[in-house]
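In what follows, a structure is listed as structure tokens, so that the remarks can point back to it.
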Amino acid sequence: MNQSMISAAVTMGQLQHKLDTISNNMANSTTNGYKRREAQFSDLLFQQMESKALNPTEDGRLTPNGIRLGSGARISSTAVSLESGTLQQTGRLLDVALTQPGLFFQIQTTDNNGGEVVQYTRDGAFYLSPSAGNPDEMELVTSEGNRVIGVNGPITIPSDHNKITIGQNGQVSVTLNNGAVVESGQLALANIIRPQLMLAVGHNFQAPQGIPLNQVIEEIEAGAGNFVHQGVLESSNVNISTEMTELIQTQRSYQFNARSLTIADQMMGLVNGLR
């Protein structure tokens, strides 16, 4: 197999990964709080082929003798964009959105071994689920049933509640049926300072192993700012027009490399057919 076929075949495989990334973005265009990803390419190893027929002392030549033969391109990384999505008014008391990019809610889930794991999400569509340990309380959970973490642990709501208010500082206040107001906790927020190191788990993120947590995540002090907006949900930051443009350009690149592979095969066939 000649060099042109190797370069085209390798690049086609990597372009397929980019097509998968674009497809994933488009499929999650309606997912609350989803952050789009973008594939970034880099060159693979190339060789400098010298030409002895050229005079190395030729006057006026600015480029090196010979040509460069590359091995194609590869996806070097898949970057995550933390740009905020559009805020949509819902009027639902348990819908909350974060108004500053980089901030995330903390939720508690379980891994494959049954251990508790903290994940980070921008999806603020919360619900109430009965508490297994106390029938007089309900837990604040995500749409997937994961418990929402507060500053002092999972947030619980009295069962005889009448209204739930989530302040801009993340404070959860509950008005009971008898008119009394109680404080049920403070939403724990985190600022992801190095998103490219985070592990993607669905549309959520999880801290990587082997790296100190304070190098990728900065804990936000309770009540430090007004970052929470109640009755609002953040949509994904996927722009369908942009994704369609990227999709067409990637398909054209794929077709170009496929055509290069076909032409190289035809040329080899011509050479083999010489008499």
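Atom set for the values below is all heavy atoms of this structure, side chains included, hydrogens, waters and symmetry mates excluded.
Residues Gly202 and Arg37 approach most closely at O-NH2, 4.3 Å, considering heavy atoms. Closest approach of Ile217 to Ala207, counting heavy atoms only: CD1-CB, 4.2 Å. Residues Ile164 and Leu94 approach most closely at CD1-CD2, 3.9 Å, considering heavy atoms. Closest approach of Gly85 to Lys35, counting heavy atoms only: N-NZ, 4.0 Å. The shortest non-hydrogen separation linking Val96 to Ile166 is CG1-CD1, 3.6 Å. The two residues Leu233 and Ala125 have their closest heavy-atom pair at CD2-N, 3.6 Å.
Val201 places none of its side-chain heavy atoms less than 4.5 Å from the side chain of Val117. At least one side-chain heavy atom of Leu98 sits less than 4.5 Å from a side-chain heavy atom of Val228. A 4.5 Å side-chain heavy-atom check between Leu247 and Leu19 finds at least one atom pair inside the cut-off. Side-chain contact between Pro208 and Met198: present, with at least one pair of heavy atoms (C-beta onward) separated by less than 4.5 Å. The shortest side-chain heavy-atom distance between Met138 and Ser159 falls under the 4.5 Å cut-off. Counting heavy atoms from C-beta on, the side chains of Asn257 and Leu261 never come closer than 4.5 Å.
A donor-acceptor contact shorter than 3.5 Å links the side chain of Gln196 to the backbone of Val80. Between the side chain of Thr156 and the main chain of Glu139, no donor-acceptor pair closer than 3.5 Å is present. Checked by atom type and distance alone, the side chain of Gln14 pairs as donor or acceptor with a backbone atom of Ile75 at under 3.5 Å. Judged purely by atom type and a 3.5 angstrom limit, Thr90 uses its side chain to pair as donor or acceptor with the backbone of Gly231. Here the side chain of Asp95 pairs no donor or acceptor atom with the backbone of Gly91 at under 3.5 angstrom. A distance-only check finds no donor-acceptor pair linking the side chain of Asn32 to the backbone of Arg122 [under 3.5 Å]. A donor-acceptor pair under 3.5 Å is absent between the side-chain atoms of Thr242 and the main chain of Val238, judged by distance alone. In this structure, the side chain of Glu234 does not engage the main chain of Gly33 through any donor-acceptor pair within 3.5 Å. In this structure a side-chain-to-backbone donor-acceptor pair under 3.5 Å is present from Asn237 to Glu83. Looking only at distances, no side-chain donor or acceptor of Gln100 sits under 3.5 Å from a matching main-chain atom of Asn191.
To the nearest 0.5 Å, atom OG of residue Ser29 and atom CZ of residue Arg36 are 12.0 Å apart. For the atom pair CZ (Arg147) and CG (Leu140), the distance works out to 11.5 Å, reported to the nearest 0.5 Å. Atom-to-atom distance recorded for Asp123:CG and Thr142:OG1 is 7.5 Å, nearest 0.5 angstrom. To the nearest 0.5 Å, the span separating CD1 on Ile157 from CG on Asp136 amounts to 14.0 Å. In this structure, CD in Glu218 is found 6.0 Å from CD1 in Ile193, a value given to the nearest 0.5 Å. With rounding to the nearest 0.5 angstrom, the OG1 atom of Thr121 is 5.5 Å from the CD1 atom of Ile107.
Counting non-hydrogen atoms of neighbouring residues, nucleotides and ligands closer than 6.0 angstrom, the CG atom of Asn214 exceeds 12 such neighbours.
Residues forming a side-chain contact (heavy atoms from CB on, under 4.5 Å) with Asn178 (at least two apart in sequence, or on another chain): Leu176, Ala180. Applying the side chain to side chain donor-acceptor pair (under 3.5 Å) criterion to Thr109, with sequence neighbours excluded, gives Asn146. For Asn24, the side chain to side chain donor-acceptor pair (under 3.5 Å) partners are Asn28, Tyr34, not counting sequence neighbours.
The side chain to side chain donor-acceptor pair (under 3.5 Å) pairs that include a residue from residues 180-189 are Gln171-Glu183, Ser173-Glu183, where partners are two or more places apart or lie in different chains. Applying the salt bridge (Lys or Arg N to Asp or Glu O under 4.0 Å) test to every pair with at least one member in residues 246-266, sequence neighbours left out, gives these pairs: Lys18-Glu246. For residues 98-148, the set of pairs meeting the ring pair (Phe, Tyr, Trp, His ring centres under 6.0 Å) definition, not counting sequence neighbours, comprises Phe104-Phe205, Phe105-Phe126.
The hydrophobic clustering, which links ILVMFWY residues whose side-chain heavy atoms are closer than 4.5 Å, places Val118 and Leu197 together. Transitive grouping of hydrophobic side chains (ILVMFWY, heavy atoms separated by less than 4.5 Å) keeps Val141 and Leu189 in distinct clusters. Using a 4.5 Å cut-off between side-chain heavy atoms of Ile, Leu, Val, Met, Phe, Trp and Tyr, with links allowed through other members, Leu187 and Val182 fall into the same hydrophobic cluster. Clustering ILVMFWY residues whenever any of their side-chain heavy atoms sit less than 4.5 angstrom apart, transitively, puts Phe256 in a cluster other than the one holding Ile22. Linking ILVMFWY residues whenever their side-chain heavy atoms come closer than 4.5 Å, directly or via other members, places Leu15 and Met5 in the same cluster.
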Practice item. Begin with the C-alpha distance, continue with both residues' side-chain angles, and end with the deciding distance and a verdict on side-chain contact (heavy atoms from CB on, under 4.5 Å) for Thr21 and Glu38. Key: CA-CA 7 Å; Thr21 301; Glu38 182 177 356; over 6 Å; no

